[in-house]
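Let me begin by presenting the structure, written as structure tokens, before commenting on it.
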Amino acid sequence: MGLENYIKKSLKNRGILVMTHIVLGYPSLSANEEIIGEMIAGGVNLIEMQIPFSEPVADGPVIVKANQSAIAKGIRVSSCFDFAARITRKYDIPFLFMTYYNIIFKYGPENFLKKTKGCGIQGLIIPDLPPEEGEDFFAACRSHGIDPIMIFSPTSSLERMKYLSGHGQGFIYCIARRGVTGHQTSFDKEFNTYIQRCREATTLPLAVGFGIKSKEDMAYLKGKADIGVIGTKTIKLVEQKGVQAVSPFMRSLNVLVL
Amino acid sequence: MGLENYIKKSLKNRGILVMTHIVLGYPSLSANEEIIGEMIAGGVNLIEMQIPFSEPVADGPVIVKANQSAIAKGIRVSSCFDFAARITRKYDIPFLFMTYYNIIFKYGPENFLKKTKGCGIQGLIIPDLPPEEGEDFFAACRSHGIDPIMIFSPTSSLERMKYLSGHGQGFIYCIARRGVTGHQTSFDKEFNTYIQRCREATTLPLAVGFGIKSKEDMAYLKGKADIGVIGTKTIKLVEQKGVQAVSPFMRSLNVLVL
Amino acid sequence: MNYKQPYYGKWGGCYIPEILHETFQELSQAFISARNDPLFWTEFQELMSTYSCRPTPLTYADNLSRHFGGAEIFIKREDLNHTGAHKANNVMGQGLLVKRMNKKRVIAETGAGQHGVATATMAAKFGLECTIYMGEEDVHRQRPNVFWMQKLGAEVITVSSGSRILKDAINEAFRDWVSNMADTHYVMGTVCGPHPFPAMVAWFQSIIGQETREQFMALKNTLPARVYACVGGGSNATGIFQGFLNEPAVELVGIEAGGRGLNSGAHASRLTGKDGSAGVAQGYKTMFLQDDNGQMKTTHSVAAGLDYVGVSPILTDLWQQGKIRFEAATDREVMEALKLTMTREGLIPALESSHAFVQAFKEVGSMTPEEAVIINMSGRGDKDIFTIADAFADPSWKKFIISKGEEYGA
Amino acid sequence: MNYKQPYYGKWGGCYIPEILHETFQELSQAFISARNDPLFWTEFQELMSTYSCRPTPLTYADNLSRHFGGAEIFIKREDLNHTGAHKANNVMGQGLLVKRMNKKRVIAETGAGQHGVATATMAAKFGLECTIYMGEEDVHRQRPNVFWMQKLGAEVITVSSGSRILKDAINEAFRDWVSNMADTHYVMGTVCGPHPFPAMVAWFQSIIGQETREQFMALKNTLPARVYACVGGGSNATGIFQGFLNEPAVELVGIEAGGRGLNSGAHASRLTGKDGSAGVAQGYKTMFLQDDNGQMKTTHSVAAGLDYVGVSPILTDLWQQGKIRFEAATDREVMEALKLTMTREGLIPALESSHAFVQAFKEVGSMTPEEAVIINMSGRGDKDIFTIADAFADPSWKKFIISKGEEYGA
Ligand SMILES: Cc1ncc(COP(=O)(O)O)c(C=O)c1O
Ligand SMILES: Cc1ncc(COP(=O)(O)O)c(C=O)c1O
């Protein structure tokens, strides 16, 4: 039914949805599978799976290290597809791929999209592909029935957001602040104006990512955004408290509709 | 009676005279005194005593070290004068000072000459004072009754030698070869032409120095030169075999008139 | 070259995170207005001739020419720039842009450390804060440059992610930039990265080619037969080649790092040999050394400044058009050429620059004395003292370092 | 200055062993004929502009001028010469003379190592054998330069007699020369030694003053109020001062090494303060640091190139005539001035040159913005990396050297 509808429908039962993030192959694909199981058990609504890249320029140290480690252990794009195919069959929430453009370019964009579609992935997040470079590719995404997720940032003007939104589908990924993944975000007046601008620019649902890590954050975002993205936080949680800490944590993020 | 006469007279009893060299204060003044005693006992005809200087540019490593060591132990120009006064009273062969010009310049040339004369020194050898710079000083020497010893070198032309000789008195110090004190000298055809040129240029007796170290050397020089100068060799001898080796060695250098 | 558009043939582009969109707009504006302002270039030339030593000389290498007995060898002396390499041209140019954009801080990546030292220098001169990112391996092999950057007032951040060399330093610089672009300019050190960097760096470095052409013409009243330049990111090569582009009489030769040999897997030859393939990384499309999954490979060169996984899109396009011939020089060949150049001409080329000398030395012997070649000596070798001492296994240097280490350790 | 006669007032002369008489005759002839041959100077200028980077720039030090808020500060950039110091001027000039005299070998003393590197470079360029004498203490504190001399093909002989610094290296060079003068030229590194060395070195270095005057006049159409130069032997000072001699409007200021202070006994100030007295050594008459017996003292300076017991007879004469004011800068002041210059202007003066900066910094604040001063930056500080690291007790550098030492020791 497409991500947008799924999100809108899900919002009836929950104040704000949770999208989580994992790096494929870190610490291993089997660990990924366990962690996903925990996430699902914890009520997570969407999951973005990052296909590792050696040059993850938009990521902070924790995710950089995860990318490097996964590559060092030999993760391959083909195993990511295999993994995705199995997981999407196993769970019925939507899964997305997040990766850098070279992974796609090197695979061959057309082939990549076919494979992506074939393994049940519903959306693509590519932090280093602006529409100026990705116009054709995003069109191809859409014609393959995969939602290209556009990214807004606090530095994007209203006009720019409108332009971006025109290339996107599913939802918009709003970067909460400047910088890379994994650092603290402070929600202040500036953030509120930014989110208002996002809303004005698009009718697509809004996901807010970068630095979201607690129930308080989720509660703050409720009403402003539709999805809160938990990224680095999960990796740290698993490193510090083990896999079984994931589902209780995810459950704690549930914010009621009222 | 002046060095020239002394030399000519002494040559009646000996095929070639021996002039030795010591560095004042090395290893100590009392050792110098002992060594001089040995030299005299060994039949040495003249002794040049070097007043140490921190920059002995014409000397080789052995004498450089001796200069440095004497200065480090605190030798002063005034103690050199005192020493000379005592020694010249004790022995009746001629003594000369050898030193670099700064020692004289700093002391005051006029005072230096008075003192030198006063302590019975008969000649002065100054390796870094060519007549172009030393004309007045050499004249002052002569008027104080001290013989300024001029230096010839293998690179001096006949004309140059004549010019030099005009400033000298007592004898001429002929440097046997290029280089500094203390290295091997080879007596070859070139050397012979050089000594012939020296003879032609001056009526003063000729001393040959630099690298003279054995009876063979003395025998070779006999007839060509009037004095053979034993320099570095004594220092090495004392270092290796002790003071008492000096007189036997000196005695061994005696070359008969016939 | 059309400096306003991001592509050179199918190479280049501007693959940047959205967060930097505005910053690149602003930068492109500043660049275009500088290019359209004739006073800007005058100001730039003035700065380079009073603060650095431009025009740098074109030196006739008498002894080397005689040694090989073929073409005459001329050497363009970028080593005589202030801070010791061509990197100063680009950095001072970007410094003038920073003043126009009114930013207060600069950041830069560095491999050999020359770009870092040049940037730290420019920051001191223009009163800017400065942070330099440098791979851990490069920090080690170019230690003197690290020392000077710090003394010039820059913060040097050691990058230990990835291969711990130049490309990783670029990633870290981008990570800093996406946090601080409001007051910070990223001084990209070579003709790579997202548009307008390649166009901009090429423009500043074109001063080398302009001068060289004029100097050579004044001497010989003709053009050189060949021009040699080493190619890391490609800035010194792009700089000198621009003086001779589209001259059919002049063959342009770019020399990449052959490392332990083209078949060893331990090199940084993206265009020479068969290991490079098209890709998109660090914001632009070019030929990269990557595996079949698109993961960048670990490169190797004795010269930190050539030890880079990508290459200028401008050069890739000219290579594809057949306008530049590419060759590679191995680490070993580089040491030989360096030795010869030091002892015959009294010149100490940087290890990077020595790559260009290698290829020229291979070729001049079979050319005629009526022909002439120009080698771009992109920098001086002072920075390479530890690497060269290691390569020559210099015993007295080692002894000195051991005793100095003991003194410090005590 | 009458270049044919050996005295400047009562200073100078030619106090040489007889064995060198012929050699000095020959050298004087060669020098006089070069001076009388207008083509020689043209050839010299040509060489310096194609092999080195002359004219070197005159840089306006914007930030420092503003920092002190007084006179405008200009810096003559001898650091941009090939090999990194003004020493190249003299050495390349003597190199041309060597070619005329048809000698096959050159020897030189060196303190900071700059003169040694320059001589080794010239020897490589002109195809001569080369031996460099360097005091043991200087070998230790200027180690990078030793390394480069060797790599350039020179033999470096460590001198461990005397104070094991510059003056002792000069003695050793003379000892070599008296053995090998037939085929060997002694490239004296500064305006000292027996005639015609002072006249000759002063002539080659006058290129600095000529250029500086022209450059300053072109900029300001007037003369600077003061010119500052550090004084070791005195060659860079003599060089730049010659552009402004006999100009009553220009005050010339020579800065000697104040070491640990003028009253500490640990300095190398021959003219400033009360420790110097007239003497004759190393072939010439000047003011020396000597004891009352005429033994030369051990000097001290953080800058090897200023750590010398004598000073140019030319400068002593001008000092006596009141035409040059002499001052001293202490080791500590030098480090402060260096730090300021690095972080404010992006320039790294050699420790020697930094002495001149110290004095200018003391004075400019009380001058007016209508006045201007020129500082001669005689060389770059790259060579001083070990000394500067020690002075700043740089922990990361120490760590690096310790680990490198362990690597070598293993
Ligand atoms: C002296 C020198 N030459 C060449 C290079 C390679 O860079 P590019 O290819 O951009 O000139 C560097 C890079 O650090 C360098 O320092
Ligand atoms: C950079 C630099 N400046 C100054 C000097 C001092 O010499 P001079 O007084 O002859 O210029 C030296 C000597 O080595 C030097 O290397």
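Every value quoted in this text rests on a predicted model; they were computed, and no experiment measured them. Reminder, nothing fancy here: chain letters follow the sequence lines and each chain counts from 1.
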Practice problem: Please round to the nearest 0.5 Å and tell me the distance separating atom OG of C:Ser160 and atom CD of A:Gln68. | Solution: 8.5 Å
Quiz item: With only heavy atoms counted, which part of A:Glu132 is less than 4.5 Å from chain C, the side chain, the backbone, both or neither?
Solution: side chain
Practice problem: Measure A:Ile71 against the heavy atoms of chain C and call it side chain, backbone, both or neither at under 4.5 Å. | Solution: side chain
Quiz item: Taking C:Lys297, C:Gln282, C:Gln290 one by one, which has the highest count of heavy-atom pairs under 4.5 Å against chain A?
Solution: C:Gln290
Quiz item: Any sub-3.5 Å donor-acceptor pair from A:Asn102's side-chain atoms to C:Gly294's backbone N or O?
Solution: yes
Quiz item: Checking C:Glu172 against chain A: side chain, backbone, both or neither under 4.5 Å from a heavy atom?
Solution: neither
Practice problem: Indicate yes or no: at least one non-hydrogen side-chain atom of C:Thr23 is less than 4.5 angstrom from one of A:Thr155. | Solution: no
Exercise. Check the surroundings of atom CD in C:Gln321: do more than 12 heavy atoms from other residues, nucleotides or ligands lie under 6.0 Å from it?
Key: yes
Self-check item: Within 6.0 angstrom of C:Asp183 CG, more than 12 heavy atoms from elsewhere
Solution: yes
Quiz prompt | Contact class of C:Tyr7 relative to chain A, heavy atoms under 4.5 angstrom | solution = side chain
Exercise. Might you confirm whether atom CD of C:Glu26 has over 12 heavy atoms from other residues, nucleotides or ligands at distances under 6.0 Å?
Key: yes
Practice problem: May I ask you to list the residues in residues 9-22 of chain C that approach chain A closer than 4.5 angstrom, counting heavy atoms only, ordered by number? | Solution: C:Gly13, C:Cys14, C:Tyr15, C:Ile16, C:Pro17, C:Glu18, C:Ile19, C:His21, C:Glu22
Practice problem: Identify which part of C:Ala173 has an atom lying under 4.5 Å from any heavy atom of chain A, answering side chain, backbone, both or neither. | Solution: neither
Quiz item: When only pairs under 4.5 Å are counted, which of A:Arg178, A:Glu133, A:Met150 shares the most heavy-atom pairs with chain C?
Solution: A:Glu133
Self-check item: Portion of A:Pro61 that has a non-hydrogen atom of chain C nearer than 4.5 angstrom
Solution: neither
Practice problem: Using non-hydrogen atoms and a 4.5 Å limit, figure out which bit of A:Pro127 sits close to chain C: side chain, backbone, both or neither. | Solution: backbone
Quiz prompt | Residue part contacting chain C, namely of A:Phe105, when any heavy atom lies under 4.5 Å | solution = side chain
Quiz item: Between A:Val180 and C:Val178, what is the shortest heavy-atom contact and its length?
Solution: CG1-CG2, 3.7 Å
Quiz prompt | CD on C:Gln295 to OG on A:Ser54, rounded to 0.5 Å | solution = 5.0 Å
Quiz item: Within the distance-only criterion (no hydrogens, no angle test), does the side chain of A:Arg177 pair as donor or acceptor with the backbone N or O of C:Ser179 below 3.5 angstrom?
Solution: no
Self-check item: More than 12 heavy atoms from other groups under 6.0 Å of CD on C:Gln5
Solution: yes
Quiz prompt | A:Lys236 atom NZ, over 12 foreign heavy atoms within 6.0 Å | solution = no
Quiz item: What part of A:Leu164 lies closer than 4.5 angstrom to a heavy atom of chain C: side chain, backbone, both or neither?
Solution: side chain
Self-check item: Cationic N near anionic O, under 4.0 Å, C:Asp292 to A:Arg76
Solution: yes
Self-check item: Residues, nucleotides or ligands: over 12 heavy atoms within 6.0 Å of A:Lys115 NZ
Solution: no
Quiz item: Side chain, backbone, both or neither: which part of A:Val64 has a non-hydrogen atom closer than 4.5 Å to chain C?
Solution: side chain
Quiz item: Under a 4.5 Å heavy-atom cut-off, does chain A meet the side chain of C:Lys285, its backbone, both or neither?
Solution: side chain
Quiz prompt | Distance (rounded to the nearest 0.5 Å) between A:Asp128 CG and C:Phe174 CZ | solution = 10.5 Å
Quiz item: Where the side chain of C:Arg175 meets the backbone of A:Asp59, is there a donor-acceptor pair that is under 3.5 Å apart?
Solution: yes
Quiz item: Considering all heavy atoms of both residues, which atom of A:Lys106 and which atom of C:Ala278 are nearest to each other, and what is their separation?
Solution: CD-O, 4.3 Å
Quiz item: Of all heavy-atom pairs between A:Ile103 and C:Asn293, which one has the smallest distance, and what is that distance?
Solution: CD1-O, 3.4 Å
